[in-house]
**Student:** 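If you scroll down you'll find the structure; I have some questions about it.
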Amino acid sequence: MSPSKTPAEILDIGGAEVRISNPDKVVFPGPGLSKLDLVRYYLDVAEGALRGAGGRPMVLKRFPKGIDAEPFFQKRVPENHPGFIDTATLHYSSGTSAEETVIRDAAGLAWVVNLGCLDLNPHPVRAEDLEHPDELRVDLDPMPGVDWSQIVDTAYVAREVLGDVGLVGWPKTSGSRGLHILVRIAPRWTYREVRLAAETLAREVENRAPGLATARWWKEERGESVFVDFNQNAKDRTVASAYSIRSRPDARVSMPLTWDEVRSARPEQFTVRTVPERFAAMGDPHSGIDDAAGSLDGLLALAAELGPAEKAPRAGDGSGRRTSTMPLIEVARTKTKPEALNALEQWKDLHRGVVPKLHPADVLIDGMRGSSSLWYRVRVNLQHVPEPERPPQEELISNYDPWAGREWPGRP
């Protein structure tokens, strides 16, 4: 029997009343943080959090069952949203559209936390101009086996490339394993042009630091390097913004840093417990970001100089599908990450002689975006296993279909 809910608490935030339901509900058992604690955290850092997410349409990433369960993604603003919540209608490349949430003040922050949101996931556009991003996002995503120093070295190479084309990068921890670098730009370019500029930046970082960083889109081709993820600038993508709480057991936060801090800082230092004191003492390291909007002309000129990026080979059966250059086998498709990890262990038990030959980056567990939530794909790259010893593609240990029972035009 579940414990009874505590009475709702009504907060007066800047003259707006925000109802916090079940305020004592424990969201992070380790540090003992309740829903109301998370609301108070966001109110303490509201100036910085709104600098990153305010005035932008956002996807609501909700954790109604806690941090150990998969969240669901809600594009459409709830119908009963209060008057202090704005909206903006985004049109996607798929032909669909959604009226999304736009928060503009501290009351909005409290309201989305009450819905079960931990991190804030805004689009890189302002609600007033939905077709021209004003932010280029650099996501430094380490492959398995990559340590923090390698991520930091890649960040400084990216900073150098940005400086050479007249742009300023603002670093922050992702709140997970990597680093983000935010780049304010004038809202003059389309999504396609911004993504091209980001891809060009990634390619140039790889050119200057081969082996350290990679711009290769296909995961199995990256090796033990830092992926400079340019596709976070695609029209349908969002990234956890500054001061976002991440769903890690220690309640760590996506923390804005100065460049002087990047080498010495560690992601685990910055949590819901520690960040408000830091914010009160030193303010927001990204306070000048809105005054540093730059031009993409330099990166787009470099794109023309580098020429088109290398494309993956396509299957010869007329399907147009990409053909991997690596000896990949698929192990499982699962609804949750624990199920994915369990399937991997089952596969390892079946192929114990192969496991010692695998490198950390050869095991690929990918969170894939479904219709409203993530599902997981498990693959193994056998590149380091001698060909005669490579297991064949076998029946999947688990074959979860995230679209089962759903229908849409064109679906078989």
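Everything numeric here is computed off the predicted structure, so don't read it as measured data.
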**Student:** Kindly give the heavy-atom pair with the smallest separation between Ala158 and Val205, and that separation in Å.
**Tutor:** CA-CG2, 3.8 Å

**Student:** In sequence, state the C-alpha distance, the side-chain angles, and the governing distance for Phe28 and Ile245, and then conclude on side-chain contact (heavy atoms from CB on, under 4.5 Å).
**Tutor:** CA-CA 11 Å; Phe28 289 91; Ile245 304 169; 3.7 Å; yes

**Student:** Quick one: which residue pairs count as a salt bridge (charged side-chain N to carboxylate O under 4.0 Å, His left out) with a foot in residues 147-171, not counting sequence neighbours?
**Tutor:** Asp153-Arg263, Glu160-Arg208, Asp164-Arg208

**Student:** Quick check: does any side chain N or O of Glu70 sit under 3.5 Å from a backbone N or O of Thr336, one acting as donor and the other as acceptor?
**Tutor:** no

**Student:** Check ring-ring contact (aromatic ring centres under 6.0 Å, His included) between Tyr156 and all other residues, then give those that pass, not counting sequence neighbours.
**Tutor:** Trp259

**Student:** In the structure I gave you, are the side-chain heavy atoms of Arg248 and Ser176 within less than 4.5 Å of one another anywhere?
**Tutor:** yes

**Student:** Quick check: do Gln346 and Asp349 have side-chain heavy atoms less than 4.5 Å from each other?
**Tutor:** no

**Student:** Are any non-hydrogen side-chain atoms of Asn381 and Pro327 less than 4.5 angstrom apart?
**Tutor:** yes

**Student:** Are Asp401 and Lys335 close enough for a salt bridge, meaning some N to O gap below 4.0 Å?
**Tutor:** no

**Student:** Taking Asp37 for the side chain and Ser34 for the main chain, is one N or O donor matched with an acceptor at less than 3.5 Å?
**Tutor:** yes

**Student:** Would Cys117 and Met58 count as a side-chain contact (heavy atoms from CB on, under 4.5 Å) here? Give the steps.
**Tutor:** CA-CA 11 Å; Cys117 297; Met58 64 191 296; over 6 Å; no

**Student:** Do Lys65's NZ or CZ and the ring of Phe72 fall within the cation-pi criteria of under 6.0 Å and 45°?
**Tutor:** no

**Student:** Locate the shortest heavy-atom distance separating Asp297 from Trp189; write the atom from each residue and the value.
**Tutor:** OD1-CZ2, 3.5 Å

**Student:** Below 4.0 angstrom, N of the basic side chain to O of the carboxylate: do Glu79 and Arg76 qualify?
**Tutor:** no

**Student:** Donor-acceptor pair, distance only, cut-off 3.5 Å: does the side chain of Gln232 make one with the backbone of Asp229?
**Tutor:** no

**Student:** At their closest point, which heavy atom of His132 faces which heavy atom of Thr190, and how far apart are they?
**Tutor:** CD2-N, 4.2 Å

**Student:** Among Val168, Leu296, Leu162, Leu299, find the residue that satisfies the side-chain contact (heavy atoms from CB on, under 4.5 Å) test when tested with Val183.
**Tutor:** Leu162

**Student:** I'd like to check the side-chain hydrogen bond (donor to acceptor under 3.5 Å, both in side chains) partners of Asp141; sequence neighbours left out, ordered by chain and number.
**Tutor:** none

**Student:** Does Arg184 use its side chain to pair, donor to acceptor, with the backbone of Asp134 at less than 3.5 Å?
**Tutor:** no

**Student:** Test your reading of the model: is there a side-chain donor-acceptor pair from Arg246 to the backbone of Ser174, 3.5 Å cut-off?
**Tutor:** yes

**Student:** Do Thr325 and Glu221 have a side chain donor and acceptor closer than 3.5 Å?
**Tutor:** yes

**Student:** So do the side chains of Arg188 and Ser295 get within less than 4.5 Å of each other, counting heavy atoms only?
**Tutor:** yes

**Student:** If the condition is ring-ring contact (aromatic ring centres under 6.0 Å, His included), which residues does Trp347 pass it with, not counting sequence neighbours?
**Tutor:** His351

**Student:** When you measure from the side chain of Ser244 to the backbone of Leu120, do you find a donor-acceptor pair of N or O atoms at a distance under 3.5 Å?
**Tutor:** yes

**Student:** Indicate yes or no for a side-chain donor-acceptor contact from Arg333 to the backbone of Tyr376 under 3.5 Å, with no hydrogens or angles considered.
**Tutor:** no

**Student:** Within a strict 4.5 Å, meaning less than it, do heavy atoms of the Phe84 and Val18 side chains meet?
**Tutor:** yes

**Student:** For Arg266, look at atom CZ and say whether over 12 heavy atoms of other residues, nucleotides or ligands are found less than 6.0 Å away.
**Tutor:** yes

**Student:** How close do Val262 and Trp148 get, heavy atom to heavy atom, and via which atoms?
**Tutor:** O-NE1, 3.9 Å

**Student:** Does the salt bridge (Lys or Arg N to Asp or Glu O under 4.0 Å) test come out yes or no for Arg126 and Asp290, once each step is laid out?
**Tutor:** CA-CA 12 Å; Arg126 304 284 180 176; Asp290 289 323; 3.4 Å; yes

**Student:** With a 3.5 Å distance limit and no angle check, can you tell me whether Asn233 reaches the backbone of Arg137 through a side-chain donor-acceptor pair?
**Tutor:** yes

**Student:** For a quick test of reading the model, state the closest non-hydrogen atom pair linking Asp129 to Pro187 and the distance between them.
**Tutor:** OD2-O, 4.1 Å

**Student:** Are Arg379 and Glu220 ion-paired here, with the side-chain N under 4.0 Å from a carboxylate O?
**Tutor:** yes

**Student:** Can you see whether Glu131 engages His91 through a side-chain donor-acceptor pair at a distance of less than 3.5 angstrom?
**Tutor:** no

**Student:** Checking Val378 against Glu330 for the side-chain contact (heavy atoms from CB on, under 4.5 Å) test, could you report, in this order, the C-alpha distance in whole Å, the side-chain angles of both residues, the deciding distance, and whether it holds?
**Tutor:** CA-CA 6 Å; Val378 184; Glu330 188 171 7; over 6 Å; no

**Student:** Please list, chain by chain and in numerical order, all residues satisfying salt bridge (Lys or Arg N to Asp or Glu O under 4.0 Å) with Lys357, sequence neighbours excluded.
**Tutor:** Glu389

**Student:** Working to the nearest 0.5 Å, report the span between CZ of Phe270 and OG1 of Thr274.
**Tutor:** 7.0 Å

**Student:** List in chain and number order the residues that pass ring-ring contact (aromatic ring centres under 6.0 Å, His included) with Phe279, two or more places apart in sequence or in another chain; answer none if no residue qualifies.
**Tutor:** Tyr243

**Student:** Please list, chain by chain and in numerical order, all residues satisfying side-chain hydrogen bond (donor to acceptor under 3.5 Å, both in side chains) with Gln383, sequence neighbours excluded.
**Tutor:** Asp362

**Student:** Measure from the side-chain N and O atoms of Arg390 to the backbone N and O of Leu382, and report whether any donor-acceptor pair falls under 3.5 Å.
**Tutor:** yes

**Student:** Would you list the pairs meeting salt bridge (charged side-chain N to carboxylate O under 4.0 Å, His left out) in which at least one residue belongs to residues 269-289, sequence neighbours left out?
**Tutor:** Arg51-Asp284, Glu261-Arg278

**Student:** Quick check against the 3.5 Å criterion: does Thr154 have a side-chain atom that pairs as donor or acceptor with the backbone of Val226?
**Tutor:** no

**Student:** Can a salt bridge be assigned to the pair Asp250 and Arg252 using a cut-off of 4.0 Å between side-chain N and carboxylate O?
**Tutor:** yes

**Student:** Inspect the surroundings of CD in Glu394 and state if more than 12 heavy atoms from other residues, nucleotides or ligands are less than 6.0 Å away.
**Tutor:** yes

**Student:** Could you please spell out the steps behind the side-chain contact (heavy atoms from CB on, under 4.5 Å) verdict for Thr6 and Lys25?
**Tutor:** CA-CA 8 Å; Thr6 53; Lys25 176 184 178 181; over 6 Å; no

**Student:** Is there side-chain contact between Glu100 and His123, with at least one heavy-atom pair below 4.5 Å?
**Tutor:** yes

**Student:** Could you pull out all residues at least two apart from His384 that satisfy ring-ring contact (aromatic ring centres under 6.0 Å, His included)?
**Tutor:** His359

**Student:** How far apart are the closest heavy atoms of Ala361 and Leu364, and which atoms are they?
**Tutor:** O-CD2, 3.4 Å

**Student:** Do any side-chain atoms of residues 300-308 form donor-acceptor pairs under 3.5 angstrom with protein atoms, and if so which ones, sequence neighbours left out?
**Tutor:**
none

**Student:** A side-chain contact here means heavy atoms from C-beta on lying under 4.5 Å apart; do His180 and Pro171 qualify?
**Tutor:** no

**Student:** Run the side-chain hydrogen bond (donor to acceptor under 3.5 Å, both in side chains) test against Arg203 and tell me which residues pass, sequence neighbours left out.
**Tutor:** none

**Student:** Check the side chains of Asn114 and Lys35 for a donor-acceptor pair under 3.5 angstrom, ignoring hydrogens and angles.
**Tutor:** yes

**Student:** So, using side-chain hydrogen bond (donor to acceptor under 3.5 Å, both in side chains) as the criterion, who are the partners of Ser254 when residues are at least two apart?
**Tutor:** Lys172

**Student:** Set out, in order, the CA-CA distance, both residues' side-chain angles and the distance that settles side chain to side chain donor-acceptor pair (under 3.5 Å) for Thr87 and Glu99, then state yes or no.
**Tutor:** CA-CA 6 Å; Thr87 66; Glu99 186 181 9; 2.7 Å; yes

